[in-house]
Protein chains: 2
Amino acid sequence: MIMKVSSVSLPTIKRLPSYLHILRQSLEEGHENISSAYIARALHLEAIQVRKDLSATGISGQSGVGFNIAGLIKHLEDFLGWNNSRDAFLVGCGNLGVALMGYEGFRERGLNIVAGFDVDKNKIGKEISGKKIFSLEKFPDLLERLHIKIGVLTVPQNRAQQVAAYMVESGIEAIWNFTSIRLDIPEHIIVERVELECSLAVLSSRLREKNEESAEDFSGVKV
Amino acid sequence: MIMKVSSVSLPTIKRLPSYLHILRQSLEEGHENISSAYIARALHLEAIQVRKDLSATGISGQSGVGFNIAGLIKHLEDFLGWNNSRDAFLVGCGNLGVALMGYEGFRERGLNIVAGFDVDKNKIGKEISGKKIFSLEKFPDLLERLHIKIGVLTVPQNRAQQVAAYMVESGIEAIWNFTSIRLDIPEHIIVERVELECSLAVLSSRLREKNEESAEDFSGVKV
DNA sequence: TAGATTGTTAATCGATTAACAATC
DNA sequence: TAGATTGTTAATCGATTAACAATC
């Protein structure tokens with residue numbers, strides 16, 4: 001068995017959604033083909049990087065012409081698995097959970113949240129954006145019956161580890177983790193964490209830099 | 001004027017919050033010092049990387065002993081500006097906005113959301129997690145009066161660019177962008193986008209790989 | 001044919017990792 | 001002193017960028 005850990009690098013994969021964004025926009029504007037230079041300009045990247053990324057996903061353009069937009073969209077969506085959407089359960093119907101259940105954009109990106117789960121009796125039985133909320137107890141049973149593989153984790157921090165373990169026990173294969181907890185679960189389970197903290201760290205440090213710069217302005221400049 | 005674009009690399013900055021996490025945990029457990037090897041083990045990193053990262057922020061440990069935990073926490077929080085929390089406004093009090101306004105963790109990370117803004121008359125005047133919601137019209141005035149520098153953007157996708165422009169006009173200095181829109185605003189404004197789509201792309205492609213692997217299992221193995 | 005744009009091969013750059021002397 | 005751990009210097013690795021022949 002060949003055990004390749006993806007031939008496509010993480011930085012490349014992370015840029016693909018932004019390419020799709022530009023491509024869809026461009027298609028709507030009535031264009032048929034697009035060049036790597038055009039995509040690069042729109043995203044403040046280098047054309048060669050765009051070409052390298054695209055070729056890594058296994059598509060090739062046409063010399064002198066560029067890439068067929070519709071074909072490229074189809075190809076990238078296929079590559080990401082965003083064409084045939086996968087069903088998912090969401091656990092933790094707080095404000096964040098409700099926000100995610102109502103977000104239309106996920107379905108276009110291959111993720112279809114079909115139901116929510118919570119422990120709060122006031123929430124159980126209700127519907128959010130047309131999706132029913134079940135008792136967490138029903139999770140294992142429904143997971144099996146609906147052949148769900150993906151769980152979205154939006155519970156409070158202090159419940160995260162415990163609930164994640166329960167999801168794994170129930171047979172989940174992948175967890176999209178919206179908590180800041182680094183889950184301790186078996187290696188074979190796919191876990192992707194949304195790194196809010198990292199994003200805030202970058203924002204914070206850029207703000208700090210800016211402050212230091214303007215402080216330098218005052219100290220360094222002779223009036 | 002020296003215009004250094006930060007001596008500390010982005011990958012390093014993004015790892016700092018996880019270091020803080022381990023450090024706080026370790027302090028609670030009653031430890032006084034910690035080694036780079038310990039931190040690395042807890043985060044599945046290499047000890048040398050932890051040391052390199054920490055030294056990049058300008059702190060040094062003690063040979064044979066490690067780092068003083070309390071001192072290191074203080075240092076990293078200072079570095080990120082997470083000690084003295086900065087006030088921020090949040091624009092767009094939908095489910096996501098409400099979720100963020102109620103999240104306790106931000107204050108510990110230097111971000112204090114003090115008020116929300118919305119265009120929905122039903123929301124204006126109400127309070128969420130003890131924070132008042134104002135009409136978006138009041139944004140520029142309150143921004144100036146309270147000396148707010150940071151705006152959290154949680155409006156619907158189709159309003160994002162327009163609202164962001166309004167925030168810039170009003171004098172905002174930094175935007176934490178929770179929409180998937182790449183904002184087109186002046187260079188000198190700090191924009192940090194939470195890359196939900198990228199995270200989903202990584203999850204998707206890992207799922208696809210896993211599928212392909214198990215498909216190979218079946219095709220490759222002779223029964 | 002001339003112009004545009006691709007994909008390949010090589011060069012550069014920056015981040016990670018290794019080795020190890022210095023220090024507590 | 002022996003053991004643990006740091007920080008420095010050098011080596012490696014992988015991603016980005018450059019150069020350019022090939023192609024439409």
Side-chain angles (χ1 to χ4, degrees), chain A residues 4-19 22-23 26 31-73 75-76 79 195 198 201-202 205, chain B residues 4-19 22-23 26 31-73 75-76 79 195 198 201-202 205:
Chain A
K4 70 153 182 275
V5 187
S6 175
S7 49
V8 182
S9 76
L10 226 54
T12 294
I13 289 172
K14 288 185 177 173
R15 280 188 294 266
L16 299 183
S18 60
Y19 296 164
I22 301 299
L23 290 168
S26 209
H31 300 116
E32 197 180 330
N33 295 304
I34 199 168
S35 70
S36 61
Y38 182 96
I39 298 175
R41 219 174 306 124
L43 294 169
H44 302 285
L45 301 173
E46 296 292 326
I48 176 64
Q49 184 168 55
V50 174
R51 284 203 304 273
K52 269 273 156 79
D53 284 345
L54 296 180
S55 102
T57 70
I59 199 169
S60 41
Q62 205 174 6
S63 297
V65 178
F67 296 80
N68 175 268
I69 298 177
L72 187 49
I73 291 176
H75 174 83
L76 291 179
F79 180 84
E195 290 171 337
C198 300
V202 174
S205 79
Chain B
K4 72 153 177 276
V5 188
S6 175
S7 50
V8 182
S9 76
L10 226 53
T12 293
I13 289 171
K14 287 184 178 174
R15 280 189 293 266
L16 299 183
S18 60
Y19 295 163
I22 301 299
L23 290 168
S26 208
H31 299 117
E32 197 179 330
N33 295 303
I34 199 169
S35 70
S36 60
Y38 182 96
I39 298 176
R41 219 173 305 124
L43 295 168
H44 301 284
L45 301 173
E46 296 291 327
I48 177 64
Q49 184 168 54
V50 174
R51 284 201 306 273
K52 268 273 155 79
D53 284 344
L54 295 181
S55 102
T57 71
I59 199 167
S60 42
Q62 206 174 4
S63 298
V65 178
F67 295 80
N68 176 267
I69 298 177
L72 186 49
I73 291 175
H75 174 82
L76 290 179
F79 181 84
E195 291 172 339
C198 300
V202 174
S205 79

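In what follows, chains carry the letters A, B, and so on, assigned in the order in which the sequence lines appear, proteins first and then strands, with residues in each chain numbered from 1.
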J.: Output every pair passing salt bridge (Lys or Arg N to Asp or Glu O under 4.0 Å) with a member in residues 47-61 of chain A, not counting sequence neighbours, ordered by first then second residue.
T.: A/Arg15-A/Asp53
J.: Would you check if B/Phe79 and B/Val8 make a side-chain contact, meaning some heavy-atom pair closer than 4.5 Å?
T.: yes
J.: I need the CZ-C1' distance between B/Arg41 and D/dA4, as an integer number of Å.
T.: 13 Å
J.: Give, for atom OG of B/Ser55 and atom CD1 of B/Ile59, the distance between the pair rounded to the nearest 0.5 Å.
T.: 10.5 Å
J.: Between C1' on C/dA15 and CD1 on B/Ile13, what's the gap in Å once rounded to a whole number?
T.: 14 Å
J.: List the protein contact pattern of nucleotides 16-24 of chain C with one symbol per nucleotide (5' to 3'): B for base contact, S for sugar-phosphate-only contact, - for none; contact means a heavy-atom distance under 4.0 Å.
T.: SBBB---BB
J.: Counting only side-chain nitrogens and oxygens, does A/Ser35 get under 4.0 Å of the OP1 or OP2 atom of C/dA4?
T.: no
J.: Would you name the heavy atoms of B/Tyr38 and B/Ser26 that are closest together and state the gap between them?
T.: CE2-OG, 4.1 Å
J.: Report the distance from atom CG of B/Asn68 to atom C1' of D/dA4, rounded to the nearest whole Å.
T.: 17 Å
J.: Find the distance between CG (A/Leu54) and OG1 (A/Thr12) and round it off to the nearest 0.5 Å.
T.: 9.5 Å
J.: Let's go through B/Ile39 and B/Leu45 carefully: what are the C-alpha distance in whole Å and the side-chain angles of both, what is the deciding distance for side-chain contact (heavy atoms from CB on, under 4.5 Å) to 0.1 Å, and is it a yes or a no?
T.: CA-CA 8 Å; B/Ile39 298 176; B/Leu45 301 173; 5.9 Å; no
J.: Do B/His75 side-chain atoms and B/Thr57 backbone N/O form a donor-acceptor pair below 3.5 Å?
T.: yes
J.: Hey, could you give me the OG/CD distance between A/Ser36 and A/Gln49, rounded to the nearest 0.5 Å?
T.: 11.0 Å
J.: Contact class for B/Ser55 (heavy atom, under 4.0 Å): base, sugar-phosphate, or nothing?
T.: nothing
J.: Using 0.5 Å steps for rounding, measure from the CD1 atom of A/Ile34 to the OH atom of A/Tyr19.
T.: 11.5 Å
J.: Between C1' on D/dA4 and CD1 on B/Ile39, what's the gap in Å once rounded to a whole number?
T.: 15 Å
J.: In whole Å, I'd like the distance from the CG atom of A/Leu72 to the C1' atom of C/dT5.
T.: 15 Å
J.: Let me check I have this right: for DNA chain D, each base becomes ., (, ), [, ] or |, based on Watson-Crick or G-U pairs with both distances under 3.5 Å. What is the full string?
T.: ..||||||||||||||||||||||
J.: How many Å lie between CZ on B/Phe67 and P on D/dA4, as a whole number?
T.: 18 Å
